[in-house]
Amino acid sequence: MAITGVLRAGFVQIRVLDIEVALKHYVDRIGLDLVGREADGRVYLKGWDEFDRHSIILREADAPGMDVMGFKVAAAKDLDSFKRRISEAGVAVDEVSAGEQPGVGRRIGFTIPTGHRIELFAEIEQSRTAPPTANPDVWPEEPRGMRATRFDHILLYGPDIPAVTRFFTEILDFAVTERVDAPDATIAVWLSCATKAHDIAFVQHAEPKFHHVSFFLESWHDVGHAADLISRYDISLDVGPTRHGITRGQTIYFFDPSGNRNEVFSGGYIFYPDNPTRVWGVEQLGRGIFYYEKELNDRFLGVVT
Amino acid sequence: LSGPPPGFRIRVAGSDWEFPCGAEDSVLRAMERGGVRSIAIGCRGGGCGFCRVHVDAGDYRTGRMSVLHVDEGARSEGYALACRLYPLSDLVLSPARITGR
């Protein structure tokens, strides 16, 4: 296997104010499949094109935001090697037992320099509704709503972008695909563990916050379809449809019913680990984030959960 | 006089802004529909705090709001997020967004 260590974004657990209202949004509108509801209140979802049992976890709470994001690693031995490397860097690592999430093996967890909790896991059951593999149709059942294929990435706000960049590149073996440099420091970074333009991204902010969770669509036409649904069902629109200069994704942003920002996007480029980093000057940030509008807005910059 | 009333009158204190709002509409939605921009529009979901206001006068009910922006104490003092604020009478509001969170 040419990709080793951290393979991909695995799961993200998101807090919502009302679980039933959130389910309507994530299942009927975004088009995720409901995997199961557990006695502790957590609800598990997945995209139709994902093989793993689940990728999105919703939890009802009195404030929205993100509890944890998990990355899948290639093998159980990777958990031990990453645990050693993280510990040697002076960061505490805790263990989460197999089965704490249904169908998921042992996890290790730690707090990254921005203040967010990240976990790694090696084993997760395959979904009972996973895409077919024997003489497969293009999908198991026709996709719903925005036809989100998969959980793709998250963007987090937090302090100390240089430190979190070092953590992901030096300890977790990610590559920096793009970054934004202010005259005195890097203020934003996009990181890839495999061949996507990003699996996680960070923007400088005083406190650890959640900016968005993103789902992948098959085409620019599907982004337009998502925009139609956002208007038809009066979903809270943030910005788009538009395109990013950074990562080149074709995109639309909106909010879930608890105020967590969602993105659905298509396109972007394939990244290889030997590719150079694309670097933006902060004075070009507007064009980098919104390539057509060429300017940022207060809501996109300021609304976080 | 004929037809149903347009709803309650929502006035933003210290301004000339006023717009109608039905009992089932959130104040923020009614404000957006009315083309008024006197309260900041964020997530519209009770999560971000952009549309935090203080209700200076009037009766109302509220939906679920993030406790990071309106906790029990603030709620009892008349603070609310306009996207989760539903009028039961005419209201007078003051914007009360806390920046830097």
Side-chain angles (χ1 to χ4, degrees), chain A residues 14-26 29-30 58-67 115 157-159 204-213 230-231 233-239 252-263 296-305, chain B residues 7 12 19-53 60-77 79-86 95-101:
Chain A
I14 298 166
R15 297 187 301 273
V16 297
L17 296 173
D18 183 319
I19 196 76
E20 301 305 329
V21 174
L23 274 175
K24 179 97 182 157
H25 174 83
Y26 283 97
R29 303 299 174 237
I30 294 181
L58 302 178
R59 179 174 77 83
E60 191 169 288
D62 59 12
M66 184 196 80
D67 284 331
Y157 269 33
Q204 173 68 39
H205 192 69
E207 289 180 275
K209 289 289 182 181
F210 178 60
H211 188 271
H212 73 261
V213 56
I230 286 166
S231 277
Y233 293 105
D234 202 17
I235 295 166
S236 176
L237 177 68
D238 187 14
V239 62
I252 187 166
Y253 286 90
F254 50 99
F255 296 99
D256 82 2
S258 305
N260 295 300
R261 186 182 285 96
N262 297 158
E263 177 189 32
L296 289 163
N297 66 65
D298 189 37
R299 179 165 59 218
F300 189 82
L301 284 180
V303 170
V304 289
T305 55
Chain B
V12 180
F19 53 90
C21 183
E24 299 305 314
D25 279 335
S26 79
V27 165
L28 192 73
R29 175 183 300 265
M31 184 198 76
E32 275 197 89
R33 189 189 298 136
V36 177
R37 291 289 181 273
S38 53
I39 301 167
I41 299 164
C43 71
R44 309 181 187 87
C48 77
F50 263 41
C51 66
R52 193 172 188 270
V53 295
Y60 58 92
R61 64 186 177 84
T62 55
R64 295 187 191 189
M65 302 176 283
S66 169
V67 295
L68 294 182
H69 303 292
V70 181
D71 61 18
E72 266 312 306
R75 188 195 293 247
S76 67
E77 292 167 14
Y79 291 94
L81 302 181
C83 66
R84 289 290 177 263
L85 174 64
Y86 304 91
R97 177 179 166 191
I98 300 170
T99 54
R101 278 197 184 179

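Protein chains get the first letters and strands the later ones, always in sequence-line order, with residue 1 at the start of each.
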**Prompt:** Of the listed residues (B:Gly63, B:Gly46, B:Ser66), which shares the most heavy-atom pairs with chain A below a 4.5 Å separation?
**Reply:**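 Most heavy-atom pairs within the cutoff with chain A belong to B:Ser66.
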
Relative to the ring of A:Tyr157, is the ring of A:His205 parallel (under 30°), tilted (30 to 60°) or perpendicular (over 60°)? tilted

Residues of residues 25-44 of chain B with a heavy atom under 4.5 Å from any heavy atom of chain A, in residue-number order, are B:Arg29, B:Ile41, B:Gly42, B:Cys43, B:Arg44

query: Would A:Asp18 and B:Arg84 pass as an ion pair if we require N to O under 4.0 Å?
result: no

ask   = Picking from A:His212, A:His25, A:Arg29, what satisfies side-chain hydrogen bond (donor to acceptor under 3.5 Å, both in side chains) with A:Asn262?
value =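 The option that passes is A:His25.
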
Practice item. Please round to the nearest 0.5 Å and tell me the distance separating atom OG1 of A:Thr305 and atom CG of A:Asn260. Key: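 Spacing of OG1 (A:Thr305) from CG (A:Asn260) equals 4.0 Å.
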
One should read off an interatomic distance between A:Ile19 CD1 and A:Arg59 CZ, to the nearest 0.5 angstrom, of 10.0 Å

Is A:Arg261 close enough and on-axis enough to A:Phe210, meaning under 6.0 Å and within 45°, for cation-pi?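 No, a cation-pi geometry is absent between A:Arg261 and A:Phe210.
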
